[in-house]
Amino acid sequence: MSKKGMIFSGVQPTGQLHLGNYLGAIKNWVKLQDTYNCIFCVVDMHAITVPQDPKALREATRQTLATYIACGINPENNIIYNQSAVSGHAELAWILGCNTPLGWLNRMTQFKEKAGEHRESAVLGLYGYPVLMAADILLYKATHVPVGEDQKQHLELARDIAGAFNRHYNKDFFPIPEPLIMGEATRVMSLNDGTKKMSKSDESDYSRIALTDSADTIRKKFMKAKSDSTMGFESLDNRPDAENLLTIYGALTDTDMKSAQAKFRTAGFGTLKKELAEVAVEKLSPITDEVNRLMKDSGHLDGILKRGAEKANAIAEKNLSAVKQLVGFLEV
Ligand code: AQP
């Protein structure tokens, strides 16, 4: 069967992957891997846009790969590697950066959120993160990018950057990549605060379900999740915590929001949380067990990354060489 196009996507090895990464991204990759040519990257160069401990970064890189595989990504049929192993990402990011107006970067909300009040001391890498993300995608001429809702703005910028490059060099060189924002849970929120995204870097461990949490921890975290005082789930207006828990339930059980609401129409938070915890334990325990098993053999994981990087590099070098030709770099 001929495949529909080229997918590129990735996760930063900035800590333990969580339910948001799974439902917003990796669960969808598993569905897409048979119909597209897929490149799934562990984006370690993005990770260092905030300080990382080198030993922990290496470990998180392996753990992110192990999580991809444990969630059902087949390392034989897809290219999986870590970003820093392919130098083309950095090279293309520089070239694209020379075509990206600062005004476009100034609109990026993730930079504003992450830099916060410390804008003056924020590093260039954090500011340029979206240009590197555009380079990741365009290096492989990817046509589709499955991401969670939070990455939509960066993907729109990647589309703008691709268009600007094509116009500048008067050639339809880069395909304009399409976002694939799929599933019932495109934005999973913190268990402590339904208005905030679930995130690896949240200070509170209770804000997220990590894909390496034990069954007991998963139960404890859901039972402690923030609730409100309204009984039943018929109306979710101005109830971000209720909506979040129901969204997660729907995504884990592959039911739409309406059916999930109907199921818990007159129930209290306690009932929803108990059922949700059991569903999560059932779905996530096999993933956790497999991650733990895979992590015992780092040689095997490193071998997968090495072979993936070789395949990725072969595509990257070809595309980058064509970019350099267009730009006018002399290759002797
Ligand atoms: N809460 C979320 N809901 C749905 N999708 C999410 N994704 C991340 N959080 C959620 C999706 O997961 C993919 C990889 O994201 P990432 O880890 O590389 O970067 P991030 O979006 O910055 O995630 P975190 O957890 O918030 O990381 P930190 O704390 O390190 O910044 C993307 O497709 C993303 O949309």
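Numbering of ligands and ligand atoms starts at 1, following listing order. Numbering of residues begins at 1 and proceeds along the displayed sequence.
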Between Thr61 and Asp44, a side-chain donor and acceptor under 3.5 Å: no
SB check Arg208 Asp202 (cutoff 4.0 Å): no
Partners passing side-chain contact (heavy atoms from CB on, under 4.5 Å) against Thr109 (at least two apart in sequence or in another chain): Glu113, Gln153
Which side-chain N or O atoms in residues 274-281 pair as donor and acceptor under 3.5 Å with protein atoms at least two apart or in another chain?
residue: Glu278; atom: OE1; partner: Arg219; partner atom: NH2; Å: 3.3
residue: Glu278; atom: OE2; partner: Arg219; partner atom: NE; Å: 2.8

Residues that, via side-chain heavy atoms closer than 4.5 angstrom, fall in one hydrophobic cluster with Leu57: Ile48
Heavy-atom check, side chain of Val11 versus side chain of Phe40, under 4.5 Å: no
Those protein residues which place at least one heavy atom below 4.0 Å from ligand 1: Gly10, Val11, Gln12, Thr14, His18, Gly20, Asn21, Gly24, Ala25, Lys114, Val147, Gly148, Asp150, Gln151, Thr186, Arg187, Val188, Lys197, Met198, Ser199, Lys200, Ser201
